[in-house]
Amino acid sequence: MFKIATWNVNSIKVRLPHVLDWLKKHKPDVLALQETKMTDELFPKAAIEKSGYHVAYSGQKTYNGVAIISRQPIKDIVTDLPKLDDPQRRLLGATINKARILNVYVPNGESVDSTKYQYKLDWLKKLRDYVKQQLNTYSQCIILGDFNIAPEDRDVYDPAAWEDHVLVSEAERKALREILKLGFCDTFRLFDQTSGGFSWWDYRHFAFRRNLGLRLDLILANKTLADKCKRCTVDKTPRSLERPSDHTPVVAEFE
DNA sequence: ATGGTGGCGCGGCCA
């Protein structure tokens with residue numbers, strides 16, 4: 001069995017105790033983190049290695065930042081998308097065993113009329129091109145992370161209220177579908193066709209307590225791996241802890 | 001409700 005998870009931690013400094021507890025409890029083979037918000041020099045490498053894991057990271061001060069925690073060695077690390085000159089640390093590609101792992105923190109986009117929304121769409125197009133290229137080299141590929149896109153209306157607590165808003169708008173959903181069309185499955189939907197399997201809840205308005213959430217955190221597996229996927233679930237437990245991240249882990253298991 | 005909460009870091013940006 002191979003267990004892989006993704007978690008937007010919204011500051012590794014604040015959430016390190018949650019992450020270490022979660023590793024101990026769930027023993028994943030791989031955990032991809034987003035929004036670490038920390039430069040590489042300050043990353044808590046020793047604490048994670050002490051838990052029996054390897055770790056790779058690409059961070060920056062205050063914003064963004066991604067990391068991969070893995071039982072097995074992390075090889076062939078990539079931190080930038082081709083043809084995108086960008087200081088924002090949003091991608092960490094690595095090979096673990098024979099699988100290519102792409103950990104992504106997709107831009108939020110702010111609002112559909114923002115220049116940040118155009119940046120988001122451009123970023124997704126560049127990601128798609130990169131993924132297509134990676135498939136020429138690797139037969140096993142997983143793209144996981146905070147996509148900042150709810151793929152369908154059933155991934156939104158109130159689709160009518162969110163219609164045409166950033167995180168659910170058609171253009172960004174289409175950009176995600178263009179990646180899926182390369183031959184990927186949204187592993188959560190291999191098993192669960194219901195609404196309510198959310199992975200993010202706003203800190204405001206008691207949104208978690210009221211389950212006013214979105215499913216933004218995805219684990220995409222190419223067909224070869226999707227055939228071996230046995231389970232994909234959202235672990236809501238960390239969202240109910242003291243001082244939680246606004247996102248909670250999503251976990252997939254492969255035979 | 002042009003608000004609300006949280007992280008960073010100490011004013012204002014970002015989500």
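All chains are named by letter (A, B, ...) in the order of the sequence lines, taking the proteins before the strands, and each is independently numbered beginning at 1.
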- If Ile, Leu, Val, Met, Phe, Trp and Tyr residues are connected whenever their side-chain heavy atoms lie under 4.5 Å apart, and connections chain through other members, are A:L218 and A:L81 in the same group? yes
- Item | Interface with DNA chain B, restricted to residues 102-111 of chain A and to heavy atoms under 4.0 Å | A:Y105, A:N108
- Item | For DNA chain B, the residues among residues 198-218 of chain A that have a non-hydrogen atom under 4.0 Å from it | A:Y203, A:R204, A:H205
- Query: Would you find a donor on one side and an acceptor on the other, under 3.5 Å apart, between the side chain of A:D217 and the backbone of A:W7?
  - Reply: no
- Query: If every non-hydrogen atom of A:V30 is compared with every non-hydrogen atom of A:S70, which pair is closest and at what distance?
  - Reply: CG2-OG, 4.1 Å
- Message: Given 3.5 Å as the limit, does a donor-acceptor pair link the side chain of A:N8 with the main chain of A:S245, or not?
- Response: no
- Between B:dG7 and B:dG11, how far is it from one C1' atom to the other, in whole Å? 14 Å
- Item | Span that lies between the C1' atom of B:dC10 and that of B:dA1, in whole angstrom | 28 Å
- Using side chain to side chain contact (heavy atoms under 4.5 Å, CB included) as the criterion, list what pairs up with A:L16, not counting sequence neighbours. A:I12, A:L20, A:P44, A:A47, A:I48
- Message: Which heavy atom of A:R154 sits nearest to which heavy atom of A:S195, and what is that distance?
- Response: O-OG, 2.8 Å
- Note on the structure: Ranking A:D246 and A:N10 by the position along DNA chain B of their nearest nucleotide, the one closer to 5' is A:N10
- If we only count heavy atoms from C-beta on, is the A:R239 to A:D246 side-chain gap below 4.5 Å? yes
- Query: Which residue, A:K37 or A:Q88, contacts DNA chain B at a nucleotide closer to its 5' end, judged by nearest heavy atom?
  - Reply: A:K37
For residues 115-123 of chain A, which side-chain donor-acceptor pairs fall under 3.5 Å, sequence neighbours excluded?
unit_1: A:Y117; atom_1: OH; unit_2: A:S169; atom_2: OG; d: 2.6
unit_1: A:Y119; atom_1: OH; unit_2: A:D86; atom_2: OD2; d: 2.6
unit_1: A:Y119; atom_1: OH; unit_2: A:Q88; atom_2: OE1; d: 3.3
unit_1: A:Y119; atom_1: OH; unit_2: A:R90; atom_2: NE; d: 3.2
unit_1: A:K120; atom_1: NZ; unit_2: A:N108; atom_2: O; d: 2.9
unit_1: A:K120; atom_1: NZ; unit_2: A:N148; atom_2: O; d: 2.6
unit_1: A:K120; atom_1: NZ; unit_2: A:E172; atom_2: OE1; d: 2.5
unit_1: A:D122; atom_1: OD1; unit_2: A:K126; atom_2: NZ; d: 2.9
unit_1: A:D122; atom_1: OD2; unit_2: A:K126; atom_2: NZ; d: 3.1

- Residue pairs, two or more places apart or on separate chains, that pass ring-ring contact (aromatic ring centres under 6.0 Å, His included) and touch residues 46-72 of chain A: A:F43-A:Y57
- Task: Flag the pair A:R215 and A:D186 as a salt bridge only when some basic side-chain nitrogen lies within less than 4.0 angstrom of an acidic carboxylate oxygen.
- Result: yes
- Message: Using a 4.0 Å cut-off to any heavy atom of chain A, which nucleotides of DNA chain B are the first and last in contact, reading 5' to 3'?
- Response: B:dG4 to B:dA15
- Query: If you measure from the C1' atom in B:dC14 to the same atom in B:dG9, how many Å do you get, rounded?
  - Reply: 13 Å
- Query: Would you call A:R177 and A:E152 a salt bridge, using N to O less than 4.0 angstrom?
  - Reply: no
